[in-house]
Amino acid sequence: MRIAFYAPLKSPTHSVPSGDRRVARLLIDALERAGHQVELAASLRTFDSEGNPARQAGLRDEGERLAQELVAKWGGDPGRRPDLWFTYHVYYKAPDWLGPRVAAELRIPYVIAEASYAPKRADGPWAIGHAAAERAIRSAALVLCPTQYDMGCIAPLVASPERVVSLPPFLDAGPYRAAAQERERHRGRLSVALDLDPAVPWIVVAAMMRPRDKLDSYSMLARVLRQVTDIPWQVVVAGDGTARNEVEAAFEGAASGRARFLGECVAERLAEIYAACDLCVWPAVNEAYGMAMLEAQAAGVPVVSRAVRGVPDVVCDGRTGLLAPAGDEEALSGLVRELLLDAPRRSGMGRAAARFVADERSIDAAAGILNRALGAIPSGEPSPQAARR
């Protein structure tokens with residue numbers, strides 16, 4: 001199947017690393033592994049962070065012009081015409097102005113992977129983007145949801161339950177498995193390079209250092225760690241960004257002398273860092289699900305986090321890690337303490353975490369889900385609603 005792929009929030013070719021770029025690339029890899037031919041349809045970024053109606057209208061017009069160009073290009077060339085349009089990540093700040101129109105005019109199925117719907121945005125500054133996201137979701141022949149939380153939000157918008165399918169977060173576990181097999185070597189090297197004590201547990205954190213949600217997560221983490229300073233541990237932080245100064249300041253009191261900041265790390269090094277550590281802790285403030293926590297588990301590291309949004313779809317509470325109630329920082333610190341003090345339990349959960357990712361969250365597992373879901377789309381025209389503004 002020829003598939004036109006598009007990511008309105010951030011193109012897979014974008015120069016700045018992020019979780020969105022990573023997932024877009026993983027989706028393309030999974031589709032290709034399933035035997036499909038994938039073409040990047042466009043790199044137009046429709047993201048509006050400020051709630052500017054004029055900007056949203058301008059992006060709408062630009063998107064619709066580009067959609068017509070694609071229809072003209074593919075409509076006159078049956079050899080290049082896609083069989084299906086696949087959009088990754090649609091929500092009110094980054095609606096899809098291309099896919100619904102192109103799919104409707106070419107009479108091909110329109111598919112979304114990861115859609116969010118927030119009714120409270122209907123009358124706010126993102127009203128244009130909200131309305132477009134709603135129309136796109138309603139017109140989709142298939143919506144692939146990474147979490148049960150998302151499925152609950154999307155289900156009321158679709159006419160048939162079979163149009164909403166679970167596609168849990170996934171990754172290529174190979175590099176993390178390979179790093180875990182060399183754990184002692186990586187731990188020894190990191191111990192020397194960062195002056196870390198290999199006899200105490202190492203906590204690993206991997207996240208961009210941005211204002212708002214990421215900074216809030218780092219700040220909560222610092223408060224949690226401040227409650228366990230009576231026991232030994234050290235923390236290794238991989239990540240960088242505009243809020244780095246604020247992040248480091250938050251850790252000064254909570255982890256004075258115990259924290260090591262590595263800055264941004266390439267994927268290969270990050271896999272080695274995970275494998276060398278003992279426990280991943282991340283509060284996941286407003287996190288959709290948390291790819292870093294899945295990466296840590298792939299390297300055999302258990303996770304302590306909170307049962308918010310899609311985190312329970314990534315961390316199996318009691319099996320691959322421990323999850324605290326959403327608003328209970330004291331409970332979160334208690335779970336961190338539990339695993340810091342229980343090395344055998346940490347090891348057992350780490351082994352279970354690696355098996356979980358290899359068996360249930362691998363790119364091959366995702367390719368199988370995608371192939372079955374796309375193959376089950378009924379033939380016929382897409383909803384005429386897809387072509388309306």
Novice: Given 3.5 Å as the limit, does a donor-acceptor pair link the side chain of Ser347 with the main chain of Ala343, or not?
Specialist: yes
Novice: Please report the shortest heavy-atom distance between Ile28 and Pro12, naming the atom on each side.
Specialist: CD1-CG, 3.8 Å
Novice: If we ignore hydrogens and angles and just use 3.5 Å, is the side chain of Ser217 paired with the main-chain N or O of Val285 as donor and acceptor?
Specialist: yes
Novice: For atom CD of Glu39, is the number of surrounding heavy atoms from other residues, nucleotides or ligands below 6.0 Å larger than 12?
Specialist: yes
Novice: Please round to the nearest 0.5 Å and tell me the distance separating atom CD1 of Ile369 and atom CG of Leu144.
Specialist: 9.0 Å
Novice: With a 3.5 Å distance limit and no angle check, can you tell me whether Arg45 reaches the backbone of Leu9 through a side-chain donor-acceptor pair?
Specialist: yes
Novice: Kindly check if the number of other-residue, nucleotide or ligand heavy atoms within 6.0 Å of CG (Asp123) is above 12?
Specialist: no
Novice: Apply side-chain contact (heavy atoms from CB on, under 4.5 Å) to residues Leu27 and Phe170 and explain how you reach the verdict.
Specialist: CA-CA 9 Å; Leu27 281 166; Phe170 63 93; 4.1 Å; yes
Novice: Using only atom types and a distance under 3.5 Å, with no angle test, would you say the side chain of Ser191 pairs donor to acceptor with the backbone of Leu196?
Specialist: yes
Novice: Any donor and acceptor pair, going by atom type alone, linking the side chain of Arg21 with main-chain N or O of His14 inside 3.5 Å?
Specialist: yes
Novice: Which atom pair, heavy atoms only, marks the closest approach of Ala136 to Tyr110?
Specialist: O-CE2, 3.4 Å
Novice: Has the side chain of Tyr218 got a donor or acceptor atom that lies under 3.5 Å from a matching backbone atom of Asp213?
Specialist: no
Novice: Salt-bridged, Asp278 to Arg183, with N to O below 4.0 Å?
Specialist: yes
Novice: Begin from the C-alpha positions of Tyr92 and Gln56 and carry the test side-chain hydrogen bond (donor to acceptor under 3.5 Å, both in side chains) through to its verdict.
Specialist: CA-CA 10 Å; Tyr92 68 95; Gln56 292 169 55; over 6 Å; no
Novice: Give a yes or no on whether a salt bridge exists between Arg185 and Glu272, defined as a side-chain N under 4.0 angstrom from a carboxylate O.
Specialist: no
Novice: Salt bridge check, Glu360 against Arg355: does any charged N sit closer than 4.0 Å to a carboxylate O?
Specialist: no
Novice: Can you find a pair of side-chain heavy atoms, one from Asp364 and one from Arg33, that are under 4.5 Å apart?
Specialist: yes
Novice: If we only count heavy atoms from C-beta on, is the Gln234 to Arg260 side-chain gap below 4.5 Å?
Specialist: yes
Novice: Taking the side chain as everything from C-beta on, heavy atoms only, tell me whether Pro201 gets closer than 4.5 Å to Leu279.
Specialist: no
Novice: In this structure, would Met208 and Leu270 fall into the same cluster of hydrophobic residues linked by side-chain contacts under 4.5 Å?
Specialist: no
Novice: May I ask you to decide if Gly253's main-chain N or O and Ser256's side chain share a donor-acceptor pair within less than 3.5 Å?
Specialist: no
Novice: Taking NZ, NE, NH1 and NH2 as the nitrogens, is one of them in Arg337 or Asp230 under 4.0 Å from a carboxylate oxygen of the other?
Specialist: yes
Novice: Testing the 3.5 Å rule here: is there a donor-acceptor pair between the side chains of Ser18 and Lys10?
Specialist: yes
Novice: In the single-linkage hydrophobic clustering (I, L, V, M, F, W, Y; side-chain heavy atoms under 4.5 Å), do Leu59 and Trp126 co-cluster?
Specialist: no
Novice: Within a strict 4.5 Å, meaning less than it, do heavy atoms of the Arg306 and Met220 side chains meet?
Specialist: yes
Novice: Any chance you could lay out the side-chain contact (heavy atoms from CB on, under 4.5 Å) test for Ile363 and Leu171, step after step, and finish with the verdict?
Specialist: CA-CA 5 Å; Ile363 195 168; Leu171 49 70; over 6 Å; no
Novice: Just to verify, what does Ala365 make a side-chain contact (heavy atoms from CB on, under 4.5 Å) with, not counting sequence neighbours?
Specialist: Ser362
Novice: Aromatic contact between Trp97 and Tyr6, with the criterion being ring centroids under 6.0 Å apart: yes or no?
Specialist: no
Novice: What's the spacing between Phe5 CZ and Thr87 OG1 if we round to 0.5 Å?
Specialist: 8.0 Å
Novice: What about Tyr91 and Met291, same hydrophobic cluster or not, with Ile/Leu/Val/Met/Phe/Trp/Tyr joined at side-chain heavy-atom distances under 4.5 Å?
Specialist: no
Novice: Before accepting this row, confirm whether a basic side-chain N of the pair Arg244/Glu248 lies closer than 4.0 Å to the acidic partner's carboxylate O.
Specialist: yes
Novice: Provide the closest heavy-atom pair for Cys277 versus Trp202 in the form atom of the first, atom of the second, distance.
Specialist: CB-O, 3.7 Å
Novice: When rounded to the nearest 0.5 angstrom, what distance separates CZ in Arg101 from CH2 in Trp85?
Specialist: 12.0 Å
Novice: Evaluate the criterion salt bridge (Lys or Arg N to Asp or Glu O under 4.0 Å) for residue pair Arg55 and Glu50; output intermediate values, then yes/no.
Specialist: CA-CA 9 Å; Arg55 173 170 167 75; Glu50 303 301 327; over 6 Å; no
Novice: Quick check: closest heavy atoms across Val90 and Pro95, and the distance to 0.1 Å?
Specialist: CG1-CA, 4.4 Å
Novice: Among side-chain atoms of Tyr149 and Asp313, is any donor-acceptor pair under 3.5 angstrom?
Specialist: no
Novice: Yes or no on side-chain contact (heavy atoms from CB on, under 4.5 Å) for Arg121 and Lys93, after CA distance, side-chain angles and deciding distance?
Specialist: CA-CA 10 Å; Arg121 303 295 179 181; Lys93 288 186 179 180; 5.9 Å; no
Novice: Has the side chain of Glu264 got a donor or acceptor atom that lies under 3.5 Å from a matching backbone atom of Gly239?
Specialist: no
Novice: Taking the side chain as every heavy atom from C-beta outward, state whether Pro8 and Phe47 have any pair of such atoms under 4.5 Å apart.
Specialist: no
Novice: Enter the distance from Trp233:CH2 to Asp197:CG here, rounded to the nearest 0.5 Å.
Specialist: 13.5 Å
Novice: Evaluate side-chain contact (heavy atoms from CB on, under 4.5 Å) for Val336 paired with Val224, printing each intermediate quantity in order.
Specialist: CA-CA 8 Å; Val336 172; Val224 165; 4.1 Å; yes
Novice: Can you check whether Val236 reaches Ile203 side chain to side chain, under 4.5 Å on heavy atoms?
Specialist: no
Novice: With sequence neighbours left out, what residues match Tyr117 under side-chain contact (heavy atoms from CB on, under 4.5 Å)?
Specialist: Pro119, His130, Glu134, Ile137, Ile154, Leu157
Novice: Please report the closest heavy-atom contact between Val314 and Leu294, naming both atoms and the distance.
Specialist: CG1-N, 3.8 Å
Novice: Can you measure from OH (Tyr176) to CD (Gln297) and round to the nearest 0.5 angstrom?
Specialist: 12.0 Å
Novice: Checking side chain to side chain contact (heavy atoms under 4.5 Å, CB included) between Val38 and each of Met1, Arg2, Glu32, which is the one that passes?
Specialist: Glu32
Novice: Would you check if there is a donor-acceptor pair between the side chains of Asp150 and Thr147 at a distance under 3.5 Å?
Specialist: yes
Novice: Using modelled atom types and a 3.5 Å cut-off, is there a donor and acceptor pairing between side-chain atoms of Arg187 and backbone atoms of Pro198?
Specialist: yes
Novice: So, Arg163 side chain and Ala140 main chain: donor-acceptor pair closer than 3.5 Å or not?
Specialist: yes
Novice: Can you give me the closest heavy-atom contact between Arg345 and Leu339, atom names plus distance?
Specialist: CD-CD2, 3.8 Å
Novice: Atom CZ of Arg351 and atom CZ of Arg346: how far apart are they, to the nearest 0.5 Å?
Specialist: 12.0 Å
Novice: Between Glu162 and Leu142, is there a side-chain heavy-atom distance shorter than 4.5 Å?
Specialist: no
Novice: Asn52 versus Pro125: any side-chain heavy-atom pair under 4.5 Å?
Specialist: no
